[in-house]
Amino acid sequence: MVSNQKNNLNDSQQEAVKHPGGPLLVLAGAGSGKTRIITERISYLINKHNVSPSNILAVTFTNKAANEMKQRVARLVQKEARNLWIGTFHSTCLRILKREINKLDGYSRDFIIYDDADQIKLIKDCMVRLNIGERLLSPKHVGSQIDSAKNKGLGPDSSELNDYDKRVLRIYSLYEVELRKSNALDFGDLLHVTIMLFEKKPEVLQNYQNQFQHILVDEYQDTNHVQYRIVELLSRIHKNIFVVGDDNQSIYGWRGADIKNILNFEKDYSNTQIIKLERNYRSTKTILEAANKLILQNKNRHDKNLWTENATGDQINYYEARDDKDEAKHVSSQIGIETKNRGYSYKDIAIFFRTNTQSRLIEEELLRSTVPYKIVGGTEFYKRAEIKDILAFLKVITNPSDEISLKRIINVPPRGIGKITVNKLDEIAREKDVPFFDGIQLALEEKLLPSSALVKLEKLFNLLTRLIEFPEKNDIVSLINDVLHKTGYLDMLEKEEERRENIGEILNLAAEFGKERDKPTLNDFLDNVSLASDLDNFSEDADKVTLMTLHSAKGLEFPVVFIIGMEENLIPHFNSTRNGQVEEERRLFYVGITRAKEKVYLAGATRRMTFGKQQACIPSRFISELPKELIKWENFDYSLMDKTRGSKRSSTKPISRTRITYEKSGRYRVGQKVVHSSFGEGLIKKVEGSGDEAKVTVFFPAYGFKKIIASYLE
DNA sequence: CTGGACAAGCTTTTT
DNA sequence: GCTTGTCCAG
């Protein structure tokens, strides 16, 4: 938080904090003190209006934001802030379901949560059973279809899913049956089943409606339909719904977030008051002006005009790198300059990118130049095989019905139970209509398998039963240790230093969890882990450069921000240009720029390794949407004018390929009509160079003049 | 049944 | 370039 705002709220902010009640929409621009409004509002309600903390529900978008909010409120409030309901939609719904879900037929409170990897596995199993080949229908696609149905609150039998592929619907139906059998909920279920509960058990809904006298929602622009309904249902009695958001920062459309929720708020709630926060306390005038001009290109938005009294500050730097390696070197050397000559600490600096894979080269370069960094998200800790294995053991222990987890560990470490045995067990379980685990027991009792298999299965069965009977009074740490030793998992990792370290990390997590909770149960621990993400462990204390995706960057701020990969097909991402989601990509870039307090560095490359192949790239259209005078162009024309490089490169390539590109670029001449994948149809105005590196200047009616690498044109 | 060798497919973004 | 899946010899 910027110091000039530390103690005093401005008029609009005060108006929001002291809002008398009823629906309120706070349209808060980037850096206008959004989160602060919510914390101040909560403490105002508690301190000045004597509202009990347990009657307040505050929903945020990430666990990190929730934790931060809890801490800030705790500092402002005398009373027990612990009773506040602060969390993400998912964690809030989880909390409700853990108390109430048994009131719904077919659900029990000791359910476990399936993450998306578990979800995909289960979908694959279902597809095999339904004889639907993965070639015809990708499980991932099916998964996103199911998610999107759940985000709309639609079950597999819903008539509103008529336009869905029939096969997807059959998979969805079976998938639901299997989820119930495994006593598991997927991420979408946490919200979807909560709505079902509220609809089928009005008395449960009423309890919560009465309890939550005040509901506050942060990042309202990112709510999807189910989330919208949850909030709407819960606020019906007291109608004190206080939402804060910025439509310009809506970046989760792909997850079902509906920007209409914020655009139509005043239509949805009668007597809505709207307050706009347009003063930015974060960024320099330069950064803000660039961001404002950029977002002006979007049609679908509330009118806002962000302004600041901060200094003008430095120009925005744009560096056009030769290739992705050069880009990484540039970032790393600029970090060196900023820290050594300009007094910035490593923790003042962040590097944002569109896709997680982009981080690798940067990491390598930072390692080489010994710049300390931390990476948020990416190949997440919780996705590592050894972590998933241990968690699978724990899930089976707390919930033996969990088929996906049981199948994961049935032969880990290798104990001679292979595919054939598993398939037979599958058959047995399905024939007798019992969960997979009971199928094992049945096979043992009735000797339904060859004795060699039965011996191995019995060993495993006894091992698991012993672990399941592990007395509750023992803590989770010793349970994990027990799993590690008795299953032989630790022996298996004898030579795998890094994996053992990760195992150590999960032990630390369990120990910490044990300390935090009064009576920590295994099930709670697993819930906690399922909803946790790397983002939560992000700590501002360590003096390290932060690396993360543009999506994870939302809600954060840094004095110096680097955004890399400023190229067409990366931002806007390839998939978004075709689906007409360019506005959302623009908002994403907007989010990135507005994280910066003082300096913005943009970088893009003319060549980049994708799929293990060098690919030509052209600058992102968003670069040309920034006011030219605010930008310091570094190296911009370098790649276009450097002729030696072009000949050098083509000489290292196989002759046949060079010849082909020669012929291709030789096709182009001034006045010719060409088609580009992103810019559409255009007219050639100038041709420079030849071969692979030929540059063609093309006029596109919608985008103006562009210099393009010949091989990029159709 | 295991493990190694090879092929295929793949990349948005996250709770 | 990396990860996951498949095939085959042992």
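Residue numbers start from 1 in every chain, and the chains themselves are labelled A, B, ... in the order their sequence lines are given, proteins ahead of strands.
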Across the strands shown, which category fits A:K124 at heavy-atom distances under 4.0 angstrom: base, sugar-phosphate, nothing? sugar-phosphate
[atom1] of [X] versus [atom2] of [N]: gap in Å, rounded?
| X | N | atom1 | atom2 | answer |
| --- | --- | --- | --- | --- |
| A:N356 | C:dT3 | CG | P | 13 Å |
| A:F353 | B:dT14 | CZ | P | 9 Å |
| A:L361 | C:dG1 | CG | P | 10 Å |
| A:W254 | B:dT15 | CH2 | C1' | 9 Å |
| A:F187 | B:dT13 | CZ | P | 16 Å |
| A:F611 | C:dT3 | CZ | P | 15 Å |
| A:K325 | C:dG1 | NZ | P | 8 Å |

If you compare every side-chain N and O of A:T62 against the phosphate oxygens of B:dT15 (OP1, OP2), does one of them come in below 4.0 Å? no
Return no unless some side-chain N or O of A:T357 is found under 4.0 Å from OP1 or OP2 of C:dC2. no
Please measure how far the C1' atom in C:dT6 lies from the corresponding atom in B:dT11, and state the result in whole Å. 22 Å
Applying side chain to side chain contact (heavy atoms under 4.5 Å, CB included), name anything that partners A:P414, two or more places apart in sequence or on another chain. A:M492
Looking at residues at least two apart in the chain, or sitting in another chain, which of them share a side chain to side chain contact (heavy atoms under 4.5 Å, CB included) with A:P156? A:Y172, A:S173, A:E176
Does a side-chain N-to-carboxylate-O contact under 4.0 Å join A:R499 and A:D389? no
